[in-house]
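Here's the structure we're looking at; comments come further down.
We count residues from 1, following the sequence as given.
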Amino acid sequence: SDSDNFGGDIPMADYAAPSKRYLWQAGSSTMKNMGPMFNTLVEWDPEDPDPSVIRGDLADSWEILDGGLTYVFHINEKANWHDGVPVTADDVTFSLDAMICPDCFEVMKGQRRTSLFFFKGAYEVGQSRAIDAKTVEIKLNYPVPAFLDMLSLSAVGIGPKRTILGEGKIQNIYQSDDLNGSGPFFHVGYTVDVKNEFVKNPDYWKEGYPRIDSMSHFIITDPGTTIAAFKSGQVLMQNQPTTPLNALQAVKLGEDMAGELEVRWAGPSGFRGFQINATKKPFDDQRVRQALNLAIHRQPIIDIISGGQDLLGTPLPPDTWYSYTSEEAAQMPGFRELNGEKHPDDLAEARRLLAEAGFGEGFAVEFATRDAVGYPDIAAIIADQLRTYLGWDVTLKVYESAAGYVAYDNGEFQFNLQGSTYNFDDPSAALLRYTTGTAPMRAAGGDNKGWIPEGLEEAVALQAGEPDREKRKAIVLKAHDIMLNEDNNYIGIFWNMRHWPINNRIQGLNMHPSGYAMHKLENIWCDPKC
């Protein structure tokens, strides 16, 4: 039986060291390490191949009332924290409030907020309450069709109120003693830039889980070393669907290890683009931001990096129900070609805008990137394009991954190359990166004010609560066109297809396209046994 193969240790590859310490500092580089220790109210079912299926996690069941304005969740009676104390409705209400307002709690002041409730104005502090110890009610200001999807993100894991407020322990990933979760694993060690180690929670409140005894996440940032680790059997899987490999390297790994390893694909699942610091010259000028959008030749980058598998980086992902098609995207200013070359009209307009703004040929800029997931290779191509097309004097600054996040958080850059995860297939999930002031758009001082053009915030808020799909699509396309034609401080290059290398010995794992989901890994095992 399958249970005969349960137990053992699974060695996994990890594309980057955790960049943040705290549970709600949402980002995939942190969630892959924090996720195994925490639960969410609901989750995408990791045991169902359909990535849209949602099941209960902490919540056994729930009701949706008042036309989608009220949610009532019933917490599993057996759900306990690692220290044995029951998970309560008060923990849930505290967590929801702390996610959107860390400064409301003294111990958490200064913690960057998560991407929770990017449906702007849908939820405010105090709009959840404990009906009893195991029942919580959440009120929304308007119906949100994708509310359960949002609650399924690993970034919205529920934390223990009494530990955080009473002992001042804010779930520090670098200090295992500070971590008190409810999830299937204990975090027992972090060797800086080497590995994170986890062991089974022997008193986990879900009977029969987790199915392994332990797992080790080895931090491997180099593509060649990652490939060698898989081929040698040092690692059996990536710990989430993000690797240092580009698409071509992932395809080759699957071919080389056919019969032993499978590379699974989903998407569009991530975004690569320029984060613009709208507080620093020359990018405090809207004309410069728009010129950059026009000048980049995206298709050659896609061809080199993914063999053409990735999609043009229009503000919203092409070929979704709420966006344009890939064919339509290929005709848009900044994305179009002429006979396979960069369209001359776009270059002429970019140069005109720069000349008007006073930042023409010879202007010196520093282009930042992190040494992770193939960013330096992409950045080198882009730097050459900017030198060729605009005559800019481009210096490429490559940060170690965690150090890059620190610099970006502090606003110590002009513009950078940075990706973000497409959390789930909903317009609000795609739009959050532009207006919420959360990851990755902490780039312009956190709140992004000073660049957002008229009508964008209104459109983003309006679409979130529109129940009619066609009416919602019209509003979403208005937001898209504002960012494409007027202004944007997160300029897209491409939407990437996400890949996940998994040894054929690994069982029970279904892939979800989001990089912010299914991090608990409680349901997987090896056959033969690890």
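Across all their heavy atoms, V42 and L148 have their closest contact at CG2-O, 3.6 Å. Taking every heavy atom of both residues into account, K520 and G35 meet most closely at CG-O, 3.4 Å. The minimum heavy-atom distance between Q171 and L179, with the atom names listed, is OE1-CA, 3.3 Å. Of all non-hydrogen atoms in A17 and I219, the two that sit nearest each other are N-CG2, 3.6 Å. Pairing each heavy atom of F494 with each of I378, the nearest pair is CZ-CD1, 3.8 Å. Listed here is the closest heavy atom pair of P318 and W495: CD-CD1, 3.7 Å.
With a 6.0 Å radius and a threshold of 12 heavy atoms from other residues, nucleotides or ligands, K478 has its NZ atom at or below the threshold. The number of heavy atoms from other shown groups lying within 6.0 Å of CD (E458) does not exceed 12.
A distance of 12.5 Å separates CE of M31 from CG of N239, quoted to the nearest 0.5 Å. Between the CD1 atom of I493 and the CD1 atom of I382 there is a distance of 3.5 Å, given to the nearest 0.5 Å. Here CG of L396 is found 9.0 Å from CG of L417. Values are rounded to the nearest 0.5 Å. We find the CZ-OH distance between R272 and Y490 to be 7.5 Å, quoted to the nearest 0.5 Å. Considering CG of N510 and CH2 of W44, their distance stands at 14.5 Å, rounded to 0.5 Å. The structure places CD of E457 at 10.5 Å from CD1 of I482, a figure rounded to the nearest 0.5 Å.
The shortest side-chain heavy-atom distance between P11 and M215 does not fall under the 4.5 Å cut-off. Between L261 and L253, some side-chain heavy-atom pair lies under the 4.5 Å cut-off. Looking at heavy atoms from C-beta onward, I301 lies in side-chain contact with I296 at the 4.5 angstrom threshold. Looking only at side-chain heavy atoms (C-beta outward), D50 and V53 come within less than 4.5 Å of each other. Using a 4.5 Å heavy-atom cutoff, the side chains of K32 and H217 are not in contact. Looking at Y123 and L96, their side chains come closer than 4.5 Å, going by heavy atoms from C-beta outward. By the 4.5 Å heavy-atom criterion applied to side chains, F413 and E366 are not counted as neighbours. Residues V288 and L353 are not in side-chain contact: their nearest non-hydrogen atoms beyond the backbone lie 4.5 Å or more apart.
In summary, the side chains of Q275 and N416 do present a donor paired with an acceptor at a separation below 3.5 Å, with no hydrogens or angles considered. For the residue pair E341/H297, the side-chain donor-acceptor check at 3.5 Å is not satisfied. Side-chain contact, D481 with Y324: a donor N or O sits under 3.5 Å from an acceptor N or O. Between N196 and H187, the side chains place a donor N or O and an acceptor N or O closer than 3.5 Å (distance only, hydrogens not considered). Side chains of N496 and D310: no donor on one and acceptor on the other come within 3.5 Å. Side chains of Q234 and S232: no donor on one and acceptor on the other come within 3.5 Å. Inspection of the S401 and D371 side chains reveals no N or O donor paired with an N or O acceptor under 3.5 Å.
A donor-acceptor distance shorter than 3.5 angstrom exists from the side chain of Y375 to the backbone of G419, with no hydrogens or angles considered. In this structure, the side chain of W500 does not engage the main chain of E262 through any donor-acceptor pair within 3.5 Å. R287 places no side-chain N or O within 3.5 Å of a backbone atom of A350 that could act as its donor or acceptor partner. Between the T40 side chain and the S154 main chain, no donor and acceptor come within less than 3.5 Å of each other. In this structure, T325 contributes its side chain and E328 its backbone to a donor-acceptor pair below 3.5 Å. With Q286 contributing its side chain and E486 its backbone, the two residues share a donor-acceptor pair below 3.5 Å. N246 places a side-chain N or O within donor-acceptor distance of the main-chain N or O of Q249, the cut-off being under 3.5 Å. The backbone N or O of I491 lies less than 3.5 Å from no partner atom in the side chain of N488, so there is not a single donor-acceptor pair. Within the 3.5 Å criterion, the main-chain N or O of A403 finds a donor-acceptor partner in the side chain of E400. Looking at K342, its side chain does come within 3.5 Å of a backbone N or O of G334 through a donor-acceptor pair.
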- Message: For E337 and H343: C-alpha separation, side-chain torsions, deciding distance, then whether side chain to side chain contact (heavy atoms under 4.5 Å, CB included) applies.
- Response: CA-CA 5 Å; E337 294 182 316; H343 202 291; 5.9 Å; no
- Message: If you apply the rule side chain to side chain contact (heavy atoms under 4.5 Å, CB included), what do you find for S216 with M12, and how did you get there?
- Response: CA-CA 6 Å; S216 302; M12 305 181 187; over 6 Å; no
- Message: Walk me through whether I502 and L509 qualify under side chain to side chain contact (heavy atoms under 4.5 Å, CB included).
- Response: CA-CA 9 Å; I502 301 168; L509 183 63; 3.4 Å; yes
- For I10 and M237, what are the C-alpha separation, side-chain angles and deciding distance, and is it a side chain to side chain contact (heavy atoms under 4.5 Å, CB included)? CA-CA 8 Å; I10 298 183; M237 60 178 284; 4.2 Å; yes
- Walk me through it: do K252 and D256 pass the test salt bridge (Lys or Arg N to Asp or Glu O under 4.0 Å)? CA-CA 6 Å; K252 182 67 162 53; D256 290 349; 2.9 Å; yes
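Using cut-offs of 30° and 60° for the angle between ring planes, the H499 and W265 rings count as tilted. Ring-plane geometry between F274 and F367 is classed as tilted, the angle between the planes lying from 30 to 60 degrees on a 0 to 90 degree scale. Taking the six-membered ring where the residue is Trp, F283 and W392 present perpendicular rings, their angle passing 60° and hence far from 30°.
In summary, K195 and E197 engage in a salt bridge, as defined by a charged side-chain N under 4.0 Å from a carboxylate O. Taking 4.0 Å as the cut-off between side-chain N and carboxylate O, D284 and K281 count as a salt-bridged pair. The residues R55 and E43 are annotated as salt-bridged, a charged nitrogen and a carboxylate oxygen being separated by less than 4.0 angstrom. A salt bridge links D426 with R472; the closest basic N to acidic carboxylate O contact falls under 4.0 Å.
A cation-pi contact links R370 to Y405, judged by a cut-off of 6.0 Å to the six-membered ring centre and 45° from its axis. Taking the ring axis of F415 as reference, the NZ or CZ atom of K280 does not stay both within 45° of it and closer than 6.0 Å to the ring centre.
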